[in-house]
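The structure under discussion appears below in the form of structure tokens.
Note that this is a predicted model, so its numbers are computed, not measured.
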Amino acid sequence: MSHDATTAGMARGPLWPQAVAVFLAGLVLGAFLQINPGYVSAGGDSQWMWQRSRGLPPGDGYYHIRMACLYRTGEIQAAGGNFHWTRESLWNGGFADKDYLYHLALVPFTFLARDGGDYDGLIAGAKLSAAAGTALLALAFWGALALLGVPRPWLWVAVLAAAGGRMLLARASEPRSWVLGVAFCLLGHALLARRMRAWLFVLATAYVLAYTGSHLLPALAGLRLVAALALPPSGQSRAVALRHEALSLAAVLAGFAAGWLLHPQPENLARLWWVQNVLVPQAANYGHVPQALRPLSEAILGWAPGTPWPSMTPALFGGEMRPPGLARLAADFWYVAAAPLAMGAMLALRRRPGREAVLATVVAAGFTMLLVRHERFAEYAAPWWALALALWPWPRLAWRPVLPAAVVLLAAAVAVQAARAGNALGYLGPGVFRPCGDWMAGQPELRDAVVYNHSWDAFSELFFYRPDASYMVGLDPMFAVARGTENSRRWLLLMQGRAGEVAPDGPGLVRVLRDDFGAQYLFVHRLTSQRFFDQTLQMARSGQLEVAFDGRGQGCMLYRLPRAP
């Protein structure tokens, strides 16, 4: 028995009430994650708190809302390709906003703040935008199912929320542009299936402007072109199928080119795309860039011949680039095994999948292989397995009597997963470095100051609190490596705890930071390197560094570097 959901066309009846209901349900779920009521451990006892989430999850969220605020004030437009906020990064002189459209969409949310110094208002705007992002993702998944003619698409949105696990919901609580990437990816699959080429052009254009992973859409179109040979649509010759898929691919590529040309820094965007999507995965997997990629990389990045490529440990790239491990796979990503088992059961019942179900299953399996290597691909694997399952030919059920019970069970499962995601997030204060940020905000001397941030992951919050200062590098250590200068190489050595290779002693290190990097302040936190954190405390005791802000209780220190004699 063969089945293809697209042959049914769009679902019958008006769809806008479903769309509104799905969006509002996603908004409520997103708002719950932003408020995050629950218990907080306090000295062995647990205390109920209605709002455990006072800030944003550690990571890029602080950077994104600050960028939107700087777009609002015109400072990003004035800077152009010179992102002077990160002096030793590829962005300094070669910046391209990989989240351009996302940052513009965030601008209205910044008006919850009086001005750029209203940190609480900006955090509130970022949290509201994250709730809206959760709703947008739910709506995009529903829209893809509706375009593909899946009956009761709203029910499968609930399945995704229930089966996606705490990891997907916790990720959805972050104000980050990946929600647009996943939403556009899902909608692109449906538009390709329906051969809606004008909309594909628009989507591809927006995809390039909104998210650096926009190459997924041409990849999906290319997969369908290959599938036209092996699995043409029912009743259609291979030649006709190839022509249709080639036209769809052409529409995607045209939109891809249009988005690239519309970007304010198209040439810089090409360099950044190469770093983000080619070099970062290679270095995160192997600790280095393969020799075969080096000549092309050097040509793209403009490195001088013979420039040494520093080695990098995979641990430098943050938790989302690491493999989840077997225990996490079993606890949070069980759908990776459950979905294929359900499909196997349907095959045993002789329920053969249609073309769209097969293609969605292939894509879901591909994202699963990436998930095993990098935890961040949970945000793609979960929606694609849910999409593939929805497209498989489920046995006909007498829906009227079982639907209420199914809704109750799914609502309970979503509530459990939301509670699990909230507990995984735990208590989020106004910011890991908020005390330091508040202190920095009150210091006029920090205006236009240069702060050496020992780690790349501290940049997001430092930039949020004091955007009128400059830092070294942020968001990814590969952006420093890709710059290819001696200073960027030395920054990486210090980040890796190899201070002895930069300067043999404390006074020598101070001279390097002050004279070679031009830094006036040094910011460190113990989560990056307890050893370097302790070393700087010892340097302060011996008079080599002056304590500007003592945040030992928060695990951070800000030092003032002495002036040259």
Side-chain angles (χ1 to χ4, degrees), residues 52-70 85-89 113 116-127 130 173-176 316 318-320 425-477 491 494-495 513 519-537 540 545-561:
R52 283 190 295 179
S53 181
R54 305 297 177 91
L56 307 177
D60 298 352
Y62 288 98
Y63 158 79
H64 288 305
I65 196 65
R66 176 55 70 185
M67 283 290 289
C69 188
L70 293 179
W85 291 273
T86 51
R87 293 163 63 98
E88 300 305 331
S89 168
D118 182 2
Y119 301 145
D120 290 330
L122 289 176
I123 289 172
K127 292 170 78 64
S173 72
E174 303 174 11
R176 294 179 64 176
L316 281 175
E320 66 181 35
L425 291 169
Y427 174 78
L428 290 175
V432 177
F433 307 132
R434 179 62 180 266
C436 183
D438 286 338
W439 181 88
M440 292 172 69
Q443 307 302 312
E445 67 200 65
L446 277 166
R447 182 174 182 84
D448 299 323
V450 179
V451 180
Y452 185 97
N453 57 311
H454 174 248
S455 58
W456 58 270
D457 49 352
F459 166 76
S460 186
E461 280 196 53
L462 295 175
F463 177 62
F464 173 78
Y465 291 120
R466 201 70 205 234
D468 57 355
S470 296
Y471 307 93
M472 293 296 120
V473 70
L475 295 196
D476 198 295
W491 174 86
L494 288 172
M495 175 76 178
L513 299 181
Q520 297 154 288
Y521 292 85
L522 167 64
F523 181 87
V524 298
H525 66 92
R526 61 163 52 98
L527 291 177
T528 299
S529 172
Q530 182 69 52
R531 180 179 177 183
F532 189 72
F533 187 86
D534 294 339
Q535 181 183 350
T536 59
L537 289 175
L545 296 171
E546 177 187 344
V547 176
F549 175 81
D550 191 336
R552 253 170 284 199
Q554 296 81 43
C556 65
M557 295 290 292
L558 182 68
Y559 299 102
R560 190 178 289 107
L561 297 176

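At least one side-chain heavy atom of L513 sits less than 4.5 Å from a side-chain heavy atom of L494. Within the 4.5 Å cutoff, side-chain heavy atoms of M495 are placed close to those of W456. Looking only at side-chain heavy atoms (C-beta outward), R552 and F533 come within less than 4.5 Å of each other. For the pair R66/Y465, no side-chain contact is recorded, criterion being any heavy-atom separation below 4.5 Å from C-beta on. Looking at P58 and L428, their side chains come closer than 4.5 Å, going by heavy atoms from C-beta outward.
Nearest approach of P444 to G442, heavy atoms of both residues: CD-O, 3.3 Å. The heavy-atom pair separating Q443 from R466 by the smallest distance is O-NH1, 2.8 Å. Shortest non-hydrogen contact noted between G116 and C69 is CA-SG, 3.8 Å. Pairing each heavy atom of P57 with each of S173, the nearest pair is CG-OG, 4.0 Å. Of all heavy-atom pairs spanning P175 and A126, the tightest one is CB-O, 3.6 Å. The two residues A441 and Y119 come nearest to each other via the heavy atoms CB-OH, 3.2 Å.
Checked by atom type and distance alone, the side chain of N453 pairs as donor or acceptor with a backbone atom of V473 at under 3.5 Å. No donor-acceptor distance shorter than 3.5 angstrom exists from the side chain of R87 to the backbone of V451, with no hydrogens or angles considered.
Relative orientation of the F463 and Y63 rings is tilted, given thresholds of 30° and 60° on the angle between their planes.
Separating the OH atom in Y62 from the CG atom in L122 is a distance of 11.0 Å, to the nearest 0.5 Å. The OG atom of S470 sits 9.5 Å away from atom CD of Q520, with the distance rounded to the nearest 0.5 Å. For the atom pair D60 CG and E461 CD, the distance stands at 11.5 Å (nearest 0.5 Å). Distance check, rounded to the nearest 0.5 Å: NZ of K127 to CD1 of I65 gives 12.0 Å. In this structure, the separation between CG on L522 and CG on L561 is 6.0 Å, given to the nearest 0.5 Å. Note: S89 OG to D476 CG = 9.0 Å, rounded to the nearest 0.5 Å.
The ring-ring contact (aromatic ring centres under 6.0 Å, His included) with F523 is formed by just one residue from the set Y471, F433, Y559; it is F433.
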- Query: Yes or no on side-chain contact (heavy atoms from CB on, under 4.5 Å) for L425 and R52, after CA distance, side-chain angles and deciding distance?
  - Reply: CA-CA 9 Å; L425 291 169; R52 283 190 295 179; over 6 Å; no

- Message: For I123 and L56: C-alpha separation, side-chain torsions, deciding distance, then whether side-chain contact (heavy atoms from CB on, under 4.5 Å) applies.
- Response: CA-CA 7 Å; I123 289 172; L56 307 177; 4.2 Å; yes

- Query: Please walk me through it: do L537 and M557 pass side-chain contact (heavy atoms from CB on, under 4.5 Å)?
  - Reply: CA-CA 9 Å; L537 289 175; M557 295 290 292; 3.9 Å; yes

- M472 and H454: CA distance, side-chain angles, deciding distance, side-chain contact (heavy atoms from CB on, under 4.5 Å) verdict: CA-CA 8 Å; M472 293 296 120; H454 174 248; over 6 Å; no

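Note on residues 428-439: pairs passing side chain to side chain donor-acceptor pair (under 3.5 Å), not counting sequence neighbours, are D120-R434, R434-D438.
In summary, the side chains of Y521 and E445 do present a donor paired with an acceptor at a separation below 3.5 Å, with no hydrogens or angles considered.
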